[in-house]
Visitor: 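I have a structure here, written as structure tokens, and I will follow up with some questions on it.
Residue numbers start at 1 and run along the sequence shown.
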Amino acid sequence: MSAFVRYELLNFIRSLKFIPPVVLYLAWIFILYAYKNVPILSSYGVSSIAIYLVMTWIAMGMLSIEEESEKHILFSHLGSKWRYLRGKWYALLLMMVPFMLFAVFFPIFTGSFKAGMTIEYYLLTFFCHTVFAILGALVGTLFSATRLADNKYAWLSAVFVLVCSLASKSLIETAVFLKWILWIFPPVFNVIDHMDNDFNVNNGLWFDLIFVIAYIVLAATIAVWLFLKKER
């Protein structure tokens with residue numbers, strides 16, 4: 001499996017498909033911290049959104065990089081289709097790490113914050129970036145490794161999901177009944193709502209964190225099922 005993960009990373013890097021999302025991400029972070037004395041958690045909330053969008057982009061690129069014939073050769077070499085998808089996800093998680101570390105430590109090294117970091121801030125920040133990166137990878141998987149990828153509007157559909165998830169709070173405030181529909185989209189606001197400097201650890205925080213983790217497990221299970229069904 002480790003050899004396959006290295007192969008995927010090298011294959012993706014050689015394709016140069018990583019350049020646009022990486023450039024966008026770096027530009028986002030540099031602009032975000034162009035000024036000094038910015039608030040801590042709300043700034044990290046914005047960088048979490050950046051990693052959410054970029055990981056979706058990278059996932060769609062990585063999961064669609066092989067031709068069908070090459071993909072079936074890899075299936076045979078790995079012994080199962082599930083190992084193929086799992087290897088892709090491992091490669092995506094490895095790519096997530098430098099993005100997350102850069103987003104977390106760049107403003108600290110440049111002294112951009114008006115206050116000091118605390119253990120609670122670090123824990124919530126790493127959790128938020130990790131969750132957003134995983135959600136982005138799952139959205140990318142859905143629209144590049146399942147039957148939805150065969151739709152010529154796959155990229156547009158992925159953008160629609162991203163926009164709906166990021167705008168869900170405003171949409172629900174506009175029309176309350178939408179909360180019964182928008183719950184199917186990634187629950188980004190269950191995390192980002194706590195990314196402000198007045199946050200406190202309470203039952204609401206724990207409920208939201210548990211809900212997000214459960215959503216990720218369920219979404220990953222559905223993505224695996226749809227992938228295996230497509231490659232049957």
Side-chain angles (χ1 to χ4, degrees), residues 1-18 20-22 25 48-68 70-104 126-150 154-155 157-159 161-162 165 184-188 191 209 211-232:
M1 180 62 75
S2 60
F4 175 62
V5 172
R6 288 196 300 272
Y7 167 81
E8 282 300 315
L9 289 172
L10 290 174
N11 196 26
F12 187 67
I13 291 171
R14 287 171 184 153
S15 72
L16 302 182
K17 288 186 176 183
F18 72 95
V22 169
Y25 184 74
S48 297
I49 293 174
I51 206 171
Y52 177 45
L53 303 176
V54 167
M55 286 303 297
T56 301
W57 191 343
I58 290 176
M60 293 190 72
M62 182 176 287
L63 285 159
S64 61
I65 197 170
E66 287 101 5
E67 298 292 338
E68 285 297 316
E70 183 180 1
K71 188 163 61 174
H72 287 290
I73 292 173
L74 289 171
F75 288 164
S76 176
H77 177 73
L78 292 169
S80 74
K81 298 166 185 176
W82 161 231
R83 285 174 60 86
Y84 170 87
L85 181 60
R86 198 171 72 211
K88 290 277 191 178
W89 281 352
Y90 287 161
L92 287 170
L93 289 177
L94 287 176
M95 293 198 69
M96 171 198 78
V97 172
F99 290 148
M100 181 171 61
L101 293 178
F102 181 75
V104 172
F126 276 108
F127 180 82
C128 185
H129 282 80
T130 302
V131 163
F132 274 56
I134 292 174
L135 289 174
L138 289 174
V139 173
T141 300
L142 183 65
F143 291 101
S144 61
T146 68
R147 291 193 184 279
L148 294 176
D150 298 332
W155 276 93
S157 300
V159 172
V161 170
L162 295 176
S165 63
I184 64 174
F185 294 100
V188 294
V191 178
L209 298 186
F211 176 80
V212 169
I213 293 172
Y215 182 95
I216 288 174
V217 172
L218 178 61
T221 303
I222 293 173
V224 170
W225 178 72
L226 290 174
F227 170 76
L228 296 176
K229 185 176 181 180
K230 174 181 180 289
E231 300 297 340
R232 187 177 296 170

Visitor: Quick check: does any side chain N or O of Tyr25 sit under 3.5 Å from a backbone N or O of Leu53, one acting as donor and the other as acceptor?
Guide: no
Visitor: Taking C-beta and beyond as the side chain, do Phe227 and Tyr84 meet within less than 4.5 Å on heavy atoms?
Guide: yes
Visitor: Parallel, tilted or perpendicular: which describes the rings of Tyr215 and Phe211, with under 30° parallel and over 60° perpendicular?
Guide: tilted
Visitor: Between CD1 of Ile65 and CG of Asn11, what distance do you get to the nearest 0.5 Å?
Guide: 4.0 Å
Visitor: For residues 129-141, please give each side-chain donor-acceptor pair under 3.5 Å, one per line with the distance, not counting sequence neighbours.
Guide:
from: His129; atom 1: ND1; to: Ser48; atom 2: OG; distance (Å): 3.4
from: His129; atom 1: ND1; to: Thr125; atom 2: O; distance (Å): 2.9
from: His129; atom 1: NE2; to: Ser47; atom 2: OG; distance (Å): 2.7
from: Thr130; atom 1: OG1; to: Phe126; atom 2: O; distance (Å): 2.7
from: Thr141; atom 1: OG1; to: Trp89; atom 2: NE1; distance (Å): 2.9
from: Thr141; atom 1: OG1; to: Ala137; atom 2: O; distance (Å): 2.7

Visitor: Looking at every non-hydrogen atom in both residues, tell me the closest pair between Cys128 and Val191 and how far apart they are.
Guide: SG-CG1, 3.5 Å
Visitor: Heavy atoms only: give me the nearest Ser144-Ala59 pair and the separation to one decimal.
Guide: OG-O, 3.8 Å
Visitor: Counting C-beta onward and ignoring hydrogens, is there a side-chain heavy-atom pair between Ser157 and Leu148 closer than 4.5 Å?
Guide: no
Visitor: If you measure from CH2 on Trp155 to CE on Met60, what distance do you get to the nearest 0.5 Å?
Guide: 4.5 Å
Visitor: Would you please name every residue forming a ring pair (Phe, Tyr, Trp, His ring centres under 6.0 Å) with Phe127, sequence neighbours left out?
Guide: none
Visitor: Rounded at 0.5 Å granularity, tell me how far CG in Leu78 sits from CG in Leu74.
Guide: 6.0 Å
Visitor: Measure the CG-CG distance between Leu92 and Leu94 for me, rounded to the nearest 0.5 Å.
Guide: 9.0 Å
Visitor: Going by the rule side-chain contact (heavy atoms from CB on, under 4.5 Å), which residues pair with His77 if we only count those two or more places apart in sequence or in a different chain?
Guide: none
Visitor: Can you find a heavy atom in the side chain of Ile58 that is under 4.5 Å from one in the side chain of Val54?
Guide: yes
Visitor: List the steps, then state whether side chain to side chain contact (heavy atoms under 4.5 Å, CB included) holds for Leu228 with Leu85.
Guide: CA-CA 9 Å; Leu228 296 176; Leu85 181 60; over 6 Å; no
Visitor: Could you note down all residue pairs passing side chain to side chain donor-acceptor pair (under 3.5 Å) where residues 49-58 supplies at least one of them, sequence neighbours left out?
Guide: Tyr52-Ser165
Visitor: Take atom CD in Glu68; do more than 12 heavy atoms of anything else shown fall under 6.0 Å from it?
Guide: yes
Visitor: Is there any salt bridge (charged side-chain N to carboxylate O under 4.0 Å, His left out) pair reaching into residues 82-96, and which pairs are they, with sequence neighbours excluded?
Guide: Glu8-Lys88, Glu66-Lys88
Visitor: With the side chain counted from C-beta on, respond yes when Met62 and Met95 share a heavy-atom pair under 4.5 Å apart, and no when they do not.
Guide: yes
Visitor: Tell me every residue that passes side-chain contact (heavy atoms from CB on, under 4.5 Å) with Val22, counting only those two or more places apart in sequence or in another chain.
Guide: Phe18, Leu26, Phe99
